[in-house]
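Let me begin by presenting the structure, written as structure tokens, before commenting on it.
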Amino acid sequence: MIQESFSLKKYNTFGINATAKYFSTFSSIAEFEELLASKKLITHNSSLITVLGGGSNILFIKDVDGLVLKNDIKGIEQISEDENYVYVKAGAGENWHQLVLYCISNNLAGMENLSLIPGNVGASPMQNIGAYGVELKDVFYELEAYHLTEKKVVKFSLSDCGFDYRESVFKRKFKDQFMIASVTYRLNKKPHFNTSYGAINQELESLGVRELSIQAISQAVINIRRSKLPDPAVIGNAGSFFKNPEISTAQFESLKNSFENIVGYALENGNVKLAAGWLIEQCGWKGYRKGDAGCHAKQALVLINYGNAKGSEIVSLSSEIIDSVRSKCGVTLEKEVNII
Ligand SMILES: Cc1cc2nc3c(=O)[nH]c(=O)nc-3n(C[C@H](O)[C@H](O)[C@H](O)COP(=O)(O)OP(=O)(O)OC[C@H]3O[C@@H](n4cnc5c(N)ncnc54)[C@H](O)[C@@H]3O)c2cc1C
């Protein structure tokens, strides 16, 4: 059923009350094709179509004068295996964390560090989701996507997706061109534990874990995330609003003269990655609130909607933050959240 003038408030974790001109859900590629062909929705302009997952990485800054189509394609299946790996195919509308739990309960390793990331399977390749030292690309095998105007299904391998830090071809080169229908992941039969990042080891210790397992790592990650990140069910947000910026070693050395406590992670390409949240905090934004738009009091990287903020208010706060970080630190922050 196609609904008109549909409120998207419950369909984005920021809780922004934007309205979609047309809204529908679909649970198969055939249903998606039918919607695109329906008289009401027919369009040859793919930018009028927004494919929605869990709405946890989106900021609506105005009403959507087009079609919002929520992907509800379901199904999780082990499709094949070889000596070392099991290949799991999931429909784009499956909840990401439920897929992680499915893999863990089947002793399939690789996703445990990505536990509790909000959103659905279909968006996981969009920005190559990552957390606690693991990225989606580490478990990705291939995906199937439907080309909105050529009206055909295309397969993308790992190398086709152009994965990078919070990036893929679907965010840039092929923006608005594909509906991701399913993703196949390659999971390890034998786990390679990754506990080097963040407070995982500390949390494992306080859980009293003696023998490392994917279950234990997942639980540690879940506990850390629950203690650190605001729950969108309680307060509107989309997780990290900005990416962690990458700068040259020379710029890092000169920043150290002004900010002696600055923390940087050396990258393989010779550059240094900075913590965007730390830079924002240095500029005094942590805990800031203007109307219902604000910067979280515990984690400055997360912008929040206290209730009735408009998307435009959140985005203008983000611009003020970008300007002040640039003028105080000489670093330009880039948004991670998709502005629609
Ligand atoms: C509290 C919190 C914590 C978070 N922590 C992390 C984290 O640790 N790491 C991380 O990487 N992200 C994190 N995020 C961001 C977010 O959870 C992920 O980016 C997630 O993958 C978004 O999934 P979604 O289904 O909600 O996508 P949506 O917000 O619905 O969509 C995101 C983008 O993808 C497009 N899209 C969605 N589905 C499809 C599809 N099937 N086909 C084509 N395009 C599609 C949308 O049009 C939009 O541009 C966090 C968010 C929150 C609220």
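As the structure is a prediction and not an experimental result, all values here were calculated from the model. Atoms within a ligand are numbered from 1 in the order they appear, just like the ligands themselves.
In this structure, OG in S168 is found 9.5 Å from CZ in F140, a value given to the nearest 0.5 Å.
Listed by atom number, the atoms of ligand 1 under 4.0 Å from N71 heavy atoms are 41 (N). Using a 4.0 Å cut-off to heavy atoms of L52, the atoms of ligand 1 that qualify are 30 (O). Near G55, meaning under 4.0 Å from one of its heavy atoms, ligand 1 places the atoms 24 (P), 26 (O), 28 (P), 29 (O), 30 (O). Heavy-atom proximity to G119, at under 4.0 Å, picks out these atoms of ligand 1: 23 (O), 24 (P), 25 (O), 26 (O). Proximity to N57 (heavy-atom distance under 4.0 Å) selects the following atoms of ligand 1: 16 (C), 19 (O), 22 (C), 29 (O).
Only the side chain of A131 comes within 4.0 Å of ligand 1, judged by heavy-atom distances. Counting heavy atoms under 4.0 Å from ligand 1, residue N237 touches it through both backbone and side chain. If you look at W96 next to ligand 1, there are no close heavy atoms at all, none under 4.0 Å. Under 4.0 Å from ligand 1, heavy atoms of I129 appear from its side chain as well as its backbone. Residue contacts with ligand 1 for P232 involve side-chain atoms from C-beta outward but no N, CA, C or O (heavy atoms, distance under 4.0 Å).
Not a single heavy atom of K171 lies less than 4.0 angstrom from ligand 1.
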Practice item. Before giving the answer on side-chain hydrogen bond (donor to acceptor under 3.5 Å, both in side chains), spell out for E205 and N201 the whole-Å C-alpha distance, their side-chain angles and the decisive distance to 0.1 Å. Key: CA-CA 6 Å; E205 222 176 282; N201 275 320; over 6 Å; no
Practice item. Check step by step if ring-ring contact (aromatic ring centres under 6.0 Å, His included) holds for F14 and F60. Key: CA-CA 9 Å; F14 252 124; F60 292 111; over 10 Å; no
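For ligand 1, the polar-atom distance check finds an N/O of G54 within less than 3.5 Å of one of the ligand's N/O atoms.
Between the side chains of Y288 and E320, no donor N or O sits under 3.5 Å from an acceptor N or O. Checking N194 against S196 by side-chain atom types alone, a donor-acceptor pair falls below 3.5 Å. Between the side chains of S124 and Y185, at least one donor N or O sits under 3.5 Å from an acceptor N or O.
Geometric assessment of K273 against the ring of Y165 yields a positive cation-pi assignment under the 6.0 Å and 45° thresholds.
Across the listed options I49, I117, D72, I117 owns the non-hydrogen atom lying nearest to atom 14 (N) of ligand 1.
Here Y146 and F178 keep their ring centres 6.0 angstrom or further from each other.
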